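These numbers come from a predicted model, not from an experiment.
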Amino acid sequence: PSSFDCSGLVVWAFAQAGRPGLPHSTYALIGMGVEVPMSQAQVGDLVFTNSAGHMGIYVGGGAFVHAPRTGRTVTVESLANYSVVSIRRI
């Protein structure tokens, strides 16, 4: 794909990893799996920020990969730049 929104990136990435069928909705995804504390976050966990209106995938080292907004380049950023609402393992 040439562009993603945040949940679209997550749905696409999980499908590529053999986990198709996730809902294309940040608010649906935050209700899935189990919540884990930041201290126990693992690569592949879902990270929800900005009052749960944004999300990405944890890549380790306190960072996540995300699509900042529709049409923007997918990027890896430090979670220190965001207010983390929840980390979910699905």
Side-chain angles (χ1 to χ4, degrees):
S2 60
S3 68
F4 293 102
D5 64 3
C6 62
S7 60
L9 172 63
V10 169
V11 170
W12 179 84
F14 270 69
Q16 301 310 298
R19 300 273 315 267
L22 293 180
H24 187 162
S25 163
T26 302
Y27 299 106
L29 288 163
I30 200 170
M32 297 179 72
V34 296
E35 187 161 14
V36 295
M38 182 67 201
S39 63
Q40 295 177 17
Q42 296 178 1
V43 172
D45 287 344
L46 302 182
V47 178
F48 297 85
T49 67
N50 300 353
S51 301
H54 186 64
M55 68 178 305
I57 303 170
Y58 189 69
V59 295
F64 76 139
V65 61
H66 69 121
R69 66 178 179 266
T70 302
R72 289 274 315 272
T73 303
V74 172
T75 187
V76 174
E77 277 191 78
S78 171
L79 286 169
N81 299 330
Y82 292 85
S83 174
V84 175
V85 173
S86 181
I87 299 175
R88 309 288 297 184
R89 186 165 299 146
I90 60 170

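Applying the salt bridge (Lys or Arg N to Asp or Glu O under 4.0 Å) criterion to Arg19, with sequence neighbours excluded, gives no partner residue. Partners of Thr26 under the side chain to side chain donor-acceptor pair (under 3.5 Å) rule, at least two apart in sequence or in another chain, do not exist in this structure. Listed by chain and residue number, nothing satisfies the side chain to side chain contact (heavy atoms under 4.5 Å, CB included) test with Ser51 (two or more places apart in sequence, or in another chain). Residues forming a side chain to side chain contact (heavy atoms under 4.5 Å, CB included) with Ala13 (at least two apart in sequence, or on another chain): Ile57.
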**Request:** Under the side-chain contact (heavy atoms from CB on, under 4.5 Å) rule, what do Val65 and Glu77 come out as? Steps first, then yes or no, please.
**Result:** CA-CA 7 Å; Val65 61; Glu77 277 191 78; over 6 Å; no
**Request:** Might you work through the side-chain contact (heavy atoms from CB on, under 4.5 Å) test for Leu22 and Ile90, ending with a clear yes or no?
**Result:** CA-CA 10 Å; Leu22 293 180; Ile90 60 170; 3.8 Å; yes
**Item:** Test log, rule side-chain contact (heavy atoms from CB on, under 4.5 Å), inputs Ile87 and Met38
**Value:** CA-CA 7 Å; Ile87 299 175; Met38 182 67 201; 3.3 Å; yes
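In this structure, Ile30 CD1 and Ser7 OG are separated by 12.0 Å, a value rounded to the nearest 0.5 Å. With values rounded to the nearest 0.5 angstrom, Phe4 atom CZ is found 9.5 Å from His24 atom NE2.
Residues Thr75 and Pro68 come closest through the heavy atom pair CG2-CG, 3.8 Å. Between Arg89 and Gln42, the closest heavy-atom pair is NH2-CG, 3.3 Å. Heavy-atom minimum distance, Ala67 versus Val74: CB-CG2, 4.3 Å. Taking both residues in full, the closest heavy atoms of Val85 and Thr49 are given as CG2-C, 4.1 Å, listed atom of the first, atom of the second, then distance.
In terms of modelled atom types and a separation under 3.5 Å, the side chain of Asp5 and the main chain of Gly8 share a donor-acceptor contact. Judged by distance alone, the side chain of Arg88 and the main-chain N or O of Leu46 form no donor-acceptor pair under 3.5 Å.
Residue pairs meeting the ring pair (Phe, Tyr, Trp, His ring centres under 6.0 Å) criterion with at least one partner in residues 31-69, sequence neighbours excluded, are His54-His66, Phe64-His66, Phe64-Tyr82, His66-Tyr82. Listed by first and then second residue, the side chain to side chain donor-acceptor pair (under 3.5 Å) pairs that reach into residues 27-40 are Glu35-Ser86, sequence neighbours excluded.
Both Met32 and Val10 are members of a single hydrophobic cluster when ILVMFWY side chains are connected at heavy-atom separations under 4.5 Å.
In this structure, the side chains of Leu29 and Met55 come closer than 4.5 Å at one or more pairs of heavy atoms.
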